[in-house]
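Keep in mind that what you see is a predicted model, and the values were worked out from it rather than measured. Residue numbers begin at 1 in each chain, while the letters A, B, ... track the order of the sequences. Computed over heavy atoms, backbone and side chain alike; hydrogens, waters and symmetry mates excluded.
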Amino acid sequence: MKGDTIAAFLHKSLVRAAFLLFALVLSVGLWANDPGSEGAAAKEGSDEGPEKFEVGSFIMDHIGDSHDWHIVGHLHVPLPVILKTPSGLEIFSSARFSGDHHHPTPYAGKFGTYALEGKRVVALDSIGQIDEAATAAMWDLSLTKNAVTLLFCVTLMCLLFIGMARGYAKRGTSAPKGVALFMEPIILFIRDDVSKANIGEKHYQRFTPYLLTLFFFIWFLNIIGLIPFFPFGANVTGNIAIPLVLASVTLILVTVLANRHYWRHIFAMPGVPLGVLFILTPIEIMGHFLRPLVLTARLFANIMAGHIVVLVFICLIFIFGSNSTAGGIGASIPSVLFGTFVNCLEILVGVLQAYVFTLLTSIYIGSAVAEPHHDHH
Amino acid sequence: MLKPDPGLLFWMCISFGIVVFLLGKFAWKPILGAVKTREQSIADALNEAKKMRAEMATMTAGNEALMRQAREDRELLLKEARDIRDREIAAAKGKAKAEGDALLARAREDIRNEKSAAATDLKNEVGELSIRIAERILRDKLGDSAAQKALVEKVMNERDLRKS
């Protein structure tokens, strides 16, 4: 009964916190927005004439992270920039980096002057040159597009699953309803066919919650990345930092949990002659660290590649369109069709990669906690 | 592109840590618990049903044995009843026959007695009647002395004739 009330309270506060968070993120961003600048900039933009369409930078811009959230045309949602400098924290809106007419502008903060150089926030010295030493000394902890999407996903998951848990508490042992009806088979699949099947009857219950969180976290982020409008569309799992953290957790779990049996198989594989061990042991040690790296690369590369392929199909329209308008219109039909097809494929890839990542993590954990049962031969 | 951004790493660690903790404590624990409880209750119900079915089977077998026993008992009882009835009927028949015979014999005896009594009576009656008739005839024929004389004459004549 006490757990229920805590969960109910948490659920309510999460709903409130979600609104607050978004209000905060947006308001921090909007603080410095000069009301006059938007309209003027919009007029200015159209005067600049047709610029050359750069496919490479267009795609990189879309799959990369950014300090503000581009919605359409000159409409950007500014996001908070947080800099941890040796002197202290600097928090300001990313809108401060774009002055009148959307031209990049340096921002003079409490402890120094900062500017956006490409996608990097740099510190400037007194004469307006990039101060590499000061830049290296500060940490950019900005709530970038990907960071905001992470928080958004976390909020979404907490609302969904804690709400679901309350439904279970209410209904007792009767059949699931609503969102639980859809989610329960997936949860049971992860529990039985991933966790139990690979970790084993004895230990699986300890790891099932983590594997469930891992699966849904990757899956939701993949799907969020595929929805092409605000507040979705950020290429989060296709950014190396995210799978890197997830794989590091796997590496830490395996290293910490591994029993004697696991280490013996790494350092001295039973039944292997001493001479061969000189070759095998380094390979096994490398394997221990390589497996999480492969895990990272697989998720990162798959999701990023998916985004790139969709974007390439969209870019085709503009490549043909830069030669002639008719070419652009003609190319748009197959491009949109192929783009849609690849996007549908990516929905499949999104769930598949989440499953593969969870499955491999469970297999690695399983190998770390496995009991020796074939030692006697 | 391959170089992870430290800011994003930081936010990723924080948000993933939060979601692992919150969901682990407030979502997966109750959900998995509820699912397990439900699975347990379903398994229990199935076991219960199986046990009940086995019980039912033994009960049915017991019932059948009882029924068979009852049927056998009934057959036995019916047979006994039939035997008793037959015996009773036979005994009754025998008794009735004996009684009838005795009655018949007595009736015949009575009839015979009555008959002989009637015959005796008839004989006596006839004797008496014939005497009375003879007396009446005699009185009528021999009322006057002439007739008596004639008769004596006649009787005498007859005797004489026979002697001669």
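Side-chain polar atoms of B/Trp28 and A/Thr213 form a donor-acceptor pair below 3.5 angstrom.
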Item to check | Stepwise side chain to side chain contact (heavy atoms under 4.5 Å, CB included) test for B/Ile31 and A/Arg191 | outcome: CA-CA 12 Å; B/Ile31 289 173; A/Arg191 187 194 66 178; over 6 Å; no
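Contacts between B/Lys3 and chain A at a heavy-atom distance below 4.5 Å involve the backbone alone (N, CA, C, O). Of the atoms belonging to A/Phe161, heavy atoms from both backbone and side chain fall under 4.5 Å from chain B. Only the side chain of B/Glu39 comes within contact range of chain A, judged by heavy atoms closer than 4.5 Å. Heavy atoms of A/Thr144 lying under 4.5 Å from chain B belong exclusively to its side chain. For A/Ser174, the part lying under 4.5 angstrom from a heavy atom of chain B is the backbone only. Heavy-atom distances place both the backbone and the side chain of A/Leu212 under 4.5 Å from chain B. Only the side chain of A/Ile187 comes within contact range of chain B, with heavy atoms under 4.5 Å apart. Of the atoms belonging to A/Met183, not a single heavy atom falls under 4.5 Å from chain B. Contacts of A/Asn146 with chain B are made by both backbone and side-chain atoms, with heavy-atom separations under 4.5 Å. Residue contact with chain B, scored on non-hydrogen atoms closer than 4.5 Å, involves the side chain of A/Val249 exclusively.
Interface remark: of the candidates A/Ala147, A/Cys153, A/Gly64, A/Pro209, A/Pro209 forms the most heavy-atom pairs closer than 4.5 Å to chain B. With chain A as partner, the option from B/Leu32, B/Ile14, B/Ile18 having the largest number of non-hydrogen pairs under 4.5 angstrom is B/Leu32.
Taking the side chain as every heavy atom from C-beta outward, A/Asp65 and B/Leu8 approach each other to under 4.5 Å. Side-chain contact between B/Trp11 and A/Ile82: present, with at least one pair of heavy atoms (C-beta onward) separated by less than 4.5 Å.
Residues B/Met12 and A/Ile242 approach most closely at SD-CG1, 3.6 Å, considering heavy atoms. Closest approach of A/Cys158 to B/Leu23, counting heavy atoms only: CA-CD2, 3.9 Å.
Other residues, nucleotides and ligands contribute over 12 non-hydrogen atoms within 6.0 Å of the CD atom of B/Glu72. Surrounding NZ of A/Lys119 are more than 12 heavy atoms belonging to other residues, nucleotides or ligands, all under 6.0 Å away.
Atom OH of residue A/Tyr168 and atom OG1 of residue B/Thr37 lie 11.5 Å apart, to the nearest 0.5 angstrom. Between atom CG of residue B/Asp5 and atom CG of residue A/Asp140 there is a gap of 6.0 Å, rounded to the nearest 0.5 Å.
The aromatic rings of A/Tyr210 and B/Phe16 stand perpendicular to each other, their planes meeting at an angle above 60°, with 30° marking the opposite boundary.
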